[in-house]
Amino acid sequence: MKFTSDFKAILLIVVSAFISGSAVAQQKTEMSGNPVIQGWNADPEAKIFESQYWIYPTYSTPYEQQVHFDAWSSKDLVHWTKHPDIIDTAVIKWAKKAMWAPAVAEMGGKYYFFFGANDIHDDKTEVGGIGVGVSDSPAGPFKDHLGRPLINEIRNGAQPIDQFVFKDHDGQYYMIYGGWQHCNIVKLNKDFTGLTPFDDGTIYKSITPEGYVEGSVMFLRKGKYYFMWSEGGWTGPNYRVAYAIGNSPTGPFKRIGVVLQQDPKVATGAGHHSVINVPGTDDWYIVYHRRPLGETDANHRVTCIDHMYFDKDGFIKPVKITFEGVAARPLK
């Protein structure tokens, strides 16, 4: 069978277009995969700073080895760059172990890195609790902002760990924190060096909902305050995330239900998360840790990302945990 030169030219164009279209399609569907960052990492704080996505996790290893933090940045949720050792016990002199669960906030062009340290059980005899680092860059390095813990006290039964920093629509920064099945909310002062009383004169307000264990998260959506937390034991397969919705940062918050949990075909112990909202959209992602199937070491946890959706009434739909993760989502 003979082909004319015109037919060959047309065939070449068609084949080239098909190959080019396939390449574009593959590029558009490039996925992050889960885990989204490599290594044993847990309790991730996910933020958007300087037109990039950031993940700040706990280094998931025995307590005595938890003496530093790393960070990762990405322009598209798929390709990540590691920023090692952004803060450690060499600069936080009072921290000795168990540096946990970062919370990072930007204020006045500076970046503040909140963390728990030392796993204190008696505030009368032990030094530790929630500390603060400060840097000119979200990649650090961070130095000690106070030279001591911001919160070293055990109030309302809440161990001073697992802090989350929330900025309200009026510019007020709050910190929600607590372990041992108790949760407090406090108001941060204007330079993050101390706490400010509420209008009734109290410093620490308990907002503990039913089922709360640890891992607080709060965000605003369409005028409502979403409060999320982790339930169950962190070493077990049933670690999970539940939530409530309130009309103010102090609630009251009534538990609605579980939105993130294990899938025996994918992973167990899915919990201790944070969320990302792409600016100017209603697109939401949940960044969390989970334990790969077959892993029995409590510290063998990995950081993952999946979509988080809402129904027409504003309730959070159950999250589907995946191996694929999410597609590239560059920031504008």
Query - Residues K82, D70: salt bridge by 4.0 Å N-O rule - result: yes

Requested in this report: Answer with yes or no after comparing the ring centroid distance for Y212 and H182 against a 6.0 Å cut-off, counting only values under it.
Outcome: no

Report task. Apply side-chain contact (heavy atoms from CB on, under 4.5 Å) to L220 and H169, showing your working. Result -> CA-CA 8 Å; L220 263 172; H169 61 82; 4.2 Å; yes

Query raised in the report: side-chain contact (heavy atoms from CB on, under 4.5 Å) between F114 and L188: does it pass, once the steps are laid out?
Result: CA-CA 12 Å; F114 296 77; L188 294 167; 4.1 Å; yes

Query raised in the report: Are any non-hydrogen side-chain atoms of K332 and V278 less than 4.5 angstrom apart?
Result: no

Query raised in the report: Do the side chains of I176 and C183 get nearer than 4.5 Å, heavy atoms only?
Result: yes

Query raised in the report: For the residue pair F115 and F113, does the interplanar ring angle fall in the parallel (under 30°), tilted (30 to 60°) or perpendicular (over 60°) class?
Result: tilted

**Report entry** N156 CG to I185 CD1 distance, which is reported to the nearest 0.5 Å
**Finding:** 12.5 Å

Query - Non-hydrogen side-chain atoms of S74 and T81 separated by less than 4.5 Å - result: no

Query raised in the report: Is the shortest heavy-atom distance from the side chain of Y56 to the side chain of I87 under 4.5 Å?
Result: no

Report summary line: Closest non-hydrogen contact found for F69 with P57 is CD2-O, 3.3 Å

Query - E64 atom CD: more than 12 heavy-atom contacts under 6.0 Å - result: yes

Query - Same apolar cluster (I L V M F W Y, side chains within < 4.5 Å links), V258/I316 - result: no

Query raised in the report: Are the charged groups of K320 and D263 less than 4.0 angstrom apart, N to O?
Result: no

Query raised in the report: Hey, mind stepping through D162 and W229 against side chain to side chain donor-acceptor pair (under 3.5 Å) and telling me if it holds?
Result: CA-CA 10 Å; D162 286 9; W229 62 89; over 6 Å; no

Query raised in the report: NZ/K110 to CG/D191 distance, rounded to the nearest 0.5 angstrom?
Result: 12.0 Å

**Report entry** Cation-aromatic face contact K205/F198, 6.0 Å, 45 degrees
**Finding:** yes

Query raised in the report: How long is the gap from CD1 on I245 to CD1 on I256, to the nearest 0.5 Å?
Result: 4.0 Å

Requested in this report: Would you kindly confirm whether I207 and I203 end up in one hydrophobic cluster when ILVMFWY residues are joined by side chain heavy atoms under 4.5 Å apart?
Outcome: no

**Report entry** Heavy-atom closest contact (L146 atom, T193 atom, distance)
**Finding:** CD2-CA, 3.6 Å

Query raised in the report: Counting N and O atoms only, with roles assigned by atom type, does the side chain of D123 sit under 3.5 Å from a partner on the main chain of V127, one being a donor and the other an acceptor?
Result: no

Query raised in the report: Does V186 share a hydrophobic cluster with F164, counting links as ILVMFWY side-chain heavy atoms below 4.5 Å and allowing steps through other members?
Result: no

Query - Lys/Arg-Asp/Glu bridge criterion (N-O < 4.0 Å) met for D297, R291 - result: no

Query raised in the report: Side chains of T322 and D306: donor-acceptor distance under 3.5 Å anywhere?
Result: yes

Query raised in the report: If we ignore angles and hydrogens, is there a donor and acceptor under 3.5 Å between the side chains of Q261 and N238?
Result: no

Requested in this report: Without swapping roles, check the side chain of D313 against the backbone of F315 for a donor-acceptor pair under 3.5 Å.
Outcome: no

Query raised in the report: At what distance, to the nearest 0.5 angstrom, does CD1 of I55 lie from OG1 of T303?
Result: 6.5 Å

Query raised in the report: Do H289 and S60 touch side chain to side chain, with heavy atoms closer than 4.5 Å?
Result: no

Report task. Sequence neighbours left out, what pairs pass ring-ring contact (aromatic ring centres under 6.0 Å, His included) with at least one residue falling in residues 240-282? Result -> F227-F253

Query raised in the report: Which heavy atom of Q262 sits nearest a heavy atom of I321, and at what distance?
Result: C-CD1, 4.3 Å

Requested in this report: Output the distance between atom CZ (R240) and atom OG1 (T268), rounded to the nearest 0.5 Å.
Outcome: 13.0 Å

Query raised in the report: Hey, are the side chains of W54 and W72 touching, using non-hydrogen atoms and a 4.5 Å cut-off?
Result: no

Query raised in the report: Between W284 and D282, does a side-chain contact (heavy atoms from CB on, under 4.5 Å) hold up when you go through it step by step?
Result: CA-CA 6 Å; W284 294 79; D282 198 31; 2.8 Å; yes

Query raised in the report: Considering only heavy atoms from C-beta outward, does the side chain of S32 approach that of V326 to under 4.5 Å?
Result: yes

Report task. Using a cut-off of 6.0 Å, state whether more than 12 heavy atoms not belonging to N247 lie near its atom CG. Result -> no

Requested in this report: State whether E231 and R255 are salt-bridged, where the test is any N-O pair (Lys NZ or Arg NE/NH1/NH2 against Asp/Glu carboxylate O) under 4.0 Å.
Outcome: yes

**Report entry** Test item: V302 and R290 side chains (from C-beta on) under 4.5 Å apart, heavy atoms
**Finding:** yes

Query raised in the report: In terms of hydrophobic clustering (I, L, V, M, F, W, Y; side-chain heavy atoms under 4.5 Å; direct or indirect links), are V134 and M107 co-clustered?
Result: yes

Requested in this report: Enter the distance from D144:CG to I92:CD1 here, rounded to the nearest 0.5 Å.
Outcome: 3.5 Å

Query raised in the report: Taking the inter-plane angle between the rings of F192 and Y173 on a 0 to 90° scale, is it parallel (under 30°), tilted (30 to 60°) or perpendicular (over 60°)?
Result: perpendicular

Query raised in the report: So, D168 versus Y225: side-chain donor-acceptor pair below 3.5 Å or not?
Result: yes

Report task. Check N118, T58, T89, D88 against M99 for a side-chain contact (heavy atoms from CB on, under 4.5 Å) and give me the one that passes. Result -> T89

Query - Under-4.0 Å salt bridge between D283 and R329 - result: yes

Query raised in the report: Taking it one step at a time, do W180 and I154 satisfy side-chain contact (heavy atoms from CB on, under 4.5 Å)?
Result: CA-CA 10 Å; W180 297 345; I154 297 170; 3.8 Å; yes

Query - Proximity of Y226 and F310 rings by center, below 6.0 Å - result: yes

Query raised in the report: When you measure from the side chain of E210 to the backbone N and O of K254, does any donor-acceptor pair fall under 3.5 Å?
Result: no

Report task. Flag yes if I151 and V165 sit in one hydrophobic cluster, no otherwise; membership is Ile, Leu, Val, Met, Phe, Trp, Tyr, and two members link when side-chain heavy atoms are under 4.5 Å apart. Result -> yes

**Report entry** Heavy-atom closest pair, residues A158 and N184
**Finding:** CB-ND2, 3.7 Å

Requested in this report: State whether a side-chain donor-acceptor pair under 3.5 Å links E214 with Y177.
Outcome: no

Query - Least distance between heavy atoms, I120 atom then G128 atom - result: CG2-CA, 3.5 Å

Query raised in the report: Can a donor-acceptor pair be found between the side chains of S137 and S135 at a distance below 3.5 Å?
Result: no

Report task. Please find out if less than 6.0 Å separates the ring center of Y111 from that of F49. Result -> yes

Report task. Report the residue from K97, K96, Q159, Q66 that forms a side chain to side chain donor-acceptor pair (under 3.5 Å) with D119. Result -> Q159

Requested in this report: Identify the two heavy atoms, one from A46 and one from S274, that lie closest to each other, and give their separation to 0.1 Å.
Outcome: N-OG, 2.8 Å

Query raised in the report: Within a radius of less than 6.0 Å around CG of D199, do more than 12 heavy atoms belonging to other residues, nucleotides or ligands occur?
Result: no

Query raised in the report: Angle class for the H300/W40 ring planes (parallel below 30°, perpendicular above 60°, tilted otherwise)?
Result: parallel

Query raised in the report: Looking at residues at least two apart in the chain, or sitting in another chain, which of them share a side chain to side chain donor-acceptor pair (under 3.5 Å) with S73?
Result: H83

**Report entry** Distance-only polar pair, side chains of E153 and Y204, donor-acceptor under 3.5 Å
**Finding:** yes

